[in-house]
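Scroll down for the structure; my scribbles are underneath it.
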Amino acid sequence: MGPLLPNDIIPFEWSSIIAIVIGIFFGFILESSGFSSSRKLAGVFYGYDFAVLKVFFTAALVSLIGLLYMDYLGYVDMSSLYVHPTYLWAAIIGGAIMGIGFVAGGFCPGTSLCAVAIGKIDAIVYVIGIMVGVFIFSELYSVFEPIYTGYFYGNITLVDSLGINPYWFVFLFTIAAVIIFVLVDMIRKRVKKVFY
Amino acid sequence: MKIKKQNKHLYWNPYYGGFLLGILIIFTFYITGRGLGASGAMKSSVVAIVNSAAPEHAESSAYYSKFLDDTKSPMNNWLVFETLGVLIGALISGGISGRIGWRTQHSPKITRRRRLIFAFSGGILFGLGAQIARGCTSGAALSGMAVLSSGGFITMLAIFGTAYLFAYFFRKNWI
């Protein structure tokens with residue numbers, strides 16, 4: 001029963017090799033979907049290309065539905081998976097800063113790595129920027145510490161926060177996503193095309 | 001004959017890419033119990049650089065010292081290996097489609113210099129935000145959403161919500 005590495009079904013020595021293999025697939029999928037192009041990524045904010053939205057929400061839904069099924073069928077214990085912890089204000093403020101960085105720089109860290117791999121100079125500069133950003137955070141850690149460690153709610157899920165049944169949530173989320181996909185296609189047809 | 005203008009590169013259908021990415025996330029959780037990540041490797045690099053340049057400073061810092069371990073290098077980390085894989089995978093994909101080359105991609109309406117300045121400042125902001133939120137679009141938002149993490153959903157809404165709010169001010173760079 002999964003997860004395999006934490007449960008010692010696969011010996012931990014394999015961990016780094018598995019990491020590289022998973023990374024290769026991750027990079028291949030992102031690059032093939034066009035995420036090495038900042039102009040394609042930024043399209044989602046201006047309505048001329050919604051690939052980011054479609055890839056992102058399709059991936060979130062496929063993984064969510066798949067994991068719920070695997071939990072239901074007993075292949076993986078969902079409660080033993082790592083749940084990203086909720087630090088309320090850190091998530092909001094950090095997310096907001098990332099949002100400005102996204103629309104200014106045109107990449108997020110994963111997509112910038114794909115662009116670095118194919119030689120985009122703007123992505124190399126962007127990655128150096130990220131490292132400077134990490135450095136600034138680390139040096140000014142005492143300034144950020146109250147929001148970084150405060151407002152901690154634990155490793156909670158929406159089931160805990162909203163008291164919602166996960167299966168109903170996924171069902172409604174899927175319907176919402178399909179409606180959004182149709183709407184964004186209608187928007188794209190009305191927006192002036194941008195070629196890159 | 002009328003020539004239809006189209007983009008220089010054609011990419012996968014986004015639903016196909018999203019489906020495969022979803023399968024990969026399921027597989028990653030099934031094998032490792034955790035999700036994917038991207039900014040983690042950059043943090044490890046910064047920790048490793050500071051640790052070799054100024055070991056005493058890194059040791060005494062409240063943040064770097066969290067990631068220092070006497071028995072192994074900060075670069076000996078799952079996310080660093082995964083990131084090496086990302087670079088290889090993207091290189092293979094770009095190589096197959098003939099997209100490899102040194103170039104700066106920017107809108108014809110702006111200069112190369114302007115694009116690089118904005119890329120650098122955007123990177124700084126993203127790096128800072130990803131530390132505050134403990135993860136970026138991959139680690140916090142996407143992998144968080146796969147297990148219904150409340151923090152993952154909040155981070156996702158904050159990233160996209162703010163990006164849409166500020167898109168107007170950066171429009172000249174893109175359209």
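In what follows, every chain begins at residue 1, and chains take the letters A, B, ... in the order their sequences are listed.
- In this structure, chain A has a heavy atom under 4.5 Å from the side chain of B/Ile49, while its backbone stays farther away.
- Distance check, rounded to the nearest 0.5 Å: CG of B/Leu91 to CD of A/Glu31 gives 9.0 Å.
- Neither the backbone nor the side chain of A/Val21 comes within less than 4.5 Å of any heavy atom in chain B.
- Of the residues considered (A/Pro3, A/Ser32, A/Ser16, A/Ser112), A/Ser32 shows the highest number of contacts with chain B, using heavy-atom pairs under 4.5 Å.
- Heavy-atom pairs under 4.5 Å with chain B peak, among A/Val83, A/Asn7, A/Ile10, A/Ile9, at A/Val83.
- A 4.5 Å side-chain heavy-atom check between B/Phe120 and A/Asp122 finds every atom pair outside the cut-off.
- For chain A, no part of B/Phe169 is nearby; none of its heavy atoms comes within less than 4.5 Å.
- Judged by distance alone, the side chain of A/Thr86 and the main-chain N or O of B/Gly151 form a donor-acceptor pair under 3.5 Å.
- Only the side chain of B/Leu24 has a heavy atom closer than 4.5 Å to any heavy atom of chain A.
- Of the atoms belonging to B/Lys66, it is side-chain heavy atoms, and not backbone ones, that fall under 4.5 Å from chain A.
- For B/Ser107, the parts lying near chain A are the backbone and the side chain together; criterion is any non-hydrogen pair under 4.5 Å.
- For the pair B/Arg115 and A/Ser38, the tightest heavy-atom approach, listed with the atom from each and the gap, is NH2-OG, 3.3 Å.
- B/Tyr64 touches chain A through its side chain: at least one heavy atom from C-beta onward sits under 4.5 Å away, while N, CA, C and O do not.
- Using modelled atom types and a 3.5 Å distance limit, the side chains of B/Gln105 and A/Ser37 yield a donor-acceptor pair.
- Atom CD1 of B/Ile159 and atom SG of A/Cys108 lie 8.0 Å apart (nearest 0.5 Å).
- Residues B/Tyr11 and A/Phe35 place their aromatic rings such that the two centres sit no closer than 6.0 Å.
- If you look at B/Tyr164 and A/Phe45, their ring centroids are closer than 6.0 Å.
- Taken from CE in B/Met156 to CZ in A/Phe57, the straight-line distance is 4.0 Å, to the nearest 0.5 Å.
- For chain A, the nearby parts of B/Leu116 are the backbone and the side chain; heavy atoms of each come within less than 4.5 Å.
- Contact annotation for A/Ile147: only side-chain heavy atoms (C-beta onward) come within less than 4.5 Å of a heavy atom of chain B.
- Heavy-atom distances place both the backbone and the side chain of A/Met131 under 4.5 Å from chain B.
- Here the side chain of A/Arg39 pairs a donor or acceptor atom with the backbone of B/Trp174 at under 3.5 angstrom.
- Across A/Phe25, A/Phe169, A/Phe181, the residue that shares the most heavy-atom pairs under 4.5 angstrom with chain B is A/Phe181.
- Stacking of B/Arg171 on the aromatic ring of A/Tyr46 is not recorded, the 6.0 Å distance cut-off and the 45° axial limit not both being met.
- When heavy atoms are compared at a cutoff of 4.5 Å, A/Thr149 approaches chain B by way of both its backbone and its side chain.
- Note that OG of B/Ser93 is 9.5 Å distant from CG of A/Leu30, once rounded to the nearest 0.5 Å.
- In this structure, chain A has heavy atoms under 4.5 Å from both the backbone and the side chain of B/Ile23.
- Of the two parts of A/Ile156, the backbone and the side chain both hold a non-hydrogen atom closer than 4.5 Å to a non-hydrogen atom of chain B.
- Contact of A/Tyr82 with chain B is made through backbone and side chain together, with heavy-atom distances under 4.5 Å.
- The two residues A/Gly101 and B/Phe126 make their nearest non-hydrogen contact at C-CD1, 4.1 Å.
- Using a 3.5 Å distance cut-off with no hydrogens or angles, the side chains of A/Thr157 and B/Ser149 do not pair a donor with an acceptor.
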Subject >> B/Ile124/A/Ile130 under side-chain contact (heavy atoms from CB on, under 4.5 Å): CA gap, chis, key distance, verdict >> reply: CA-CA 5 Å; B/Ile124 294 179; A/Ile130 291 180; over 6 Å; no
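- A continuous path of ILVMFWY side-chain contacts below 4.5 Å connects A/Leu53 to B/Phe19, so both sit in one hydrophobic cluster.
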Subject >> Working for side-chain contact (heavy atoms from CB on, under 4.5 Å), residues A/Tyr48 and B/Ile175 >> reply: CA-CA 9 Å; A/Tyr48 62 84; B/Ile175 52 173; 3.4 Å; yes
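- With a 4.5 Å cut-off on side-chain heavy atoms, B/Leu20 and A/Phe28 do not count as touching.
- Note: A/Ala90 leads A/Ala90, A/Ala115, A/Ala51 in heavy-atom pairs under 4.5 Å with chain B.
- At a threshold of 4.5 Å between non-hydrogen side-chain atoms, the residues B/Trp78 and A/Ile22 count as touching.
- For A/Lys40, the part lying near chain B is the side chain, with the backbone staying farther off; criterion is any non-hydrogen pair under 4.5 Å.
- Contact of B/Arg99 with chain A is made through backbone and side chain together, with heavy-atom distances under 4.5 Å.
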**OP:** Please report the C-alpha distance between A/Phe102 and B/Phe166 in whole Å, then the side-chain angles of each, then the deciding distance to 0.1 Å, and finally whether the side-chain contact (heavy atoms from CB on, under 4.5 Å) criterion is met.
**Re:** CA-CA 10 Å; A/Phe102 199 165; B/Phe166 283 82; over 6 Å; no
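- Across A/Phe144 and B/Leu128, no two heavy atoms sit closer than the pair CZ-CD1, 3.7 Å.
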**OP:** Check the pair B/Thr137, A/Phe107 against side-chain contact (heavy atoms from CB on, under 4.5 Å), reporting the backbone distance first and the verdict last.
**Re:** CA-CA 10 Å; B/Thr137 19; A/Phe107 287 116; over 6 Å; no
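- When heavy atoms are compared at a cutoff of 4.5 Å, B/Val50 approaches chain A solely by way of its side chain, counted from C-beta outward.
- For the residue pair B/Tyr16/A/Lys54, the side-chain donor-acceptor check at 3.5 Å is not satisfied.
- Between A/Ser63 and B/Ala146 the shortest heavy-atom distance is OG-CB, 3.4 Å.
- Of the two parts of A/Phe195, the backbone and the side chain both hold a non-hydrogen atom closer than 4.5 Å to a non-hydrogen atom of chain B.
- Remark: B/Leu125 CG to A/Met98 CE distance equals 11.0 Å, nearest 0.5 Å.
- Looking at B/Thr104, the atoms closer than 4.5 Å to chain A (heavy atoms on both sides) sit in the backbone and in the side chain alike.
- When heavy atoms are compared at a cutoff of 4.5 Å, A/Ile17 does not approach chain B at all.
- Here the closest heavy-atom approach between residue B/Ala158 and residue A/Ala96 is recorded as CB-N, 3.9 Å.
- Taking the six-membered ring wherever Trp is involved, the centroid distance between the rings of A/Phe137 and B/Tyr63 falls below 6.0 Å.
- Across all their heavy atoms, A/Tyr126 and B/Gly122 have their closest contact at CE1-C, 3.6 Å.
- Of the listed residues (A/Leu158, A/Ile92, A/Val125), the greatest number of heavy-atom pairs within a distance under 4.5 Å of chain B belongs to A/Leu158.
- Interface remark: B/His57 contributes side-chain atoms only to the contact with chain A (heavy atom separation under 4.5 Å).
- Going from atom CG of B/Leu148 over to atom CG of A/Leu68 covers 6.0 Å, rounded to the nearest 0.5 Å.
- Contact of B/Ser138 with chain A is made through the side chain alone, with heavy-atom distances under 4.5 Å.
- Among A/Gly43, A/Ser15, A/Ser161, A/Ala123, the residue with the largest count of heavy-atom pairs under 4.5 Å with chain B is A/Ser15.
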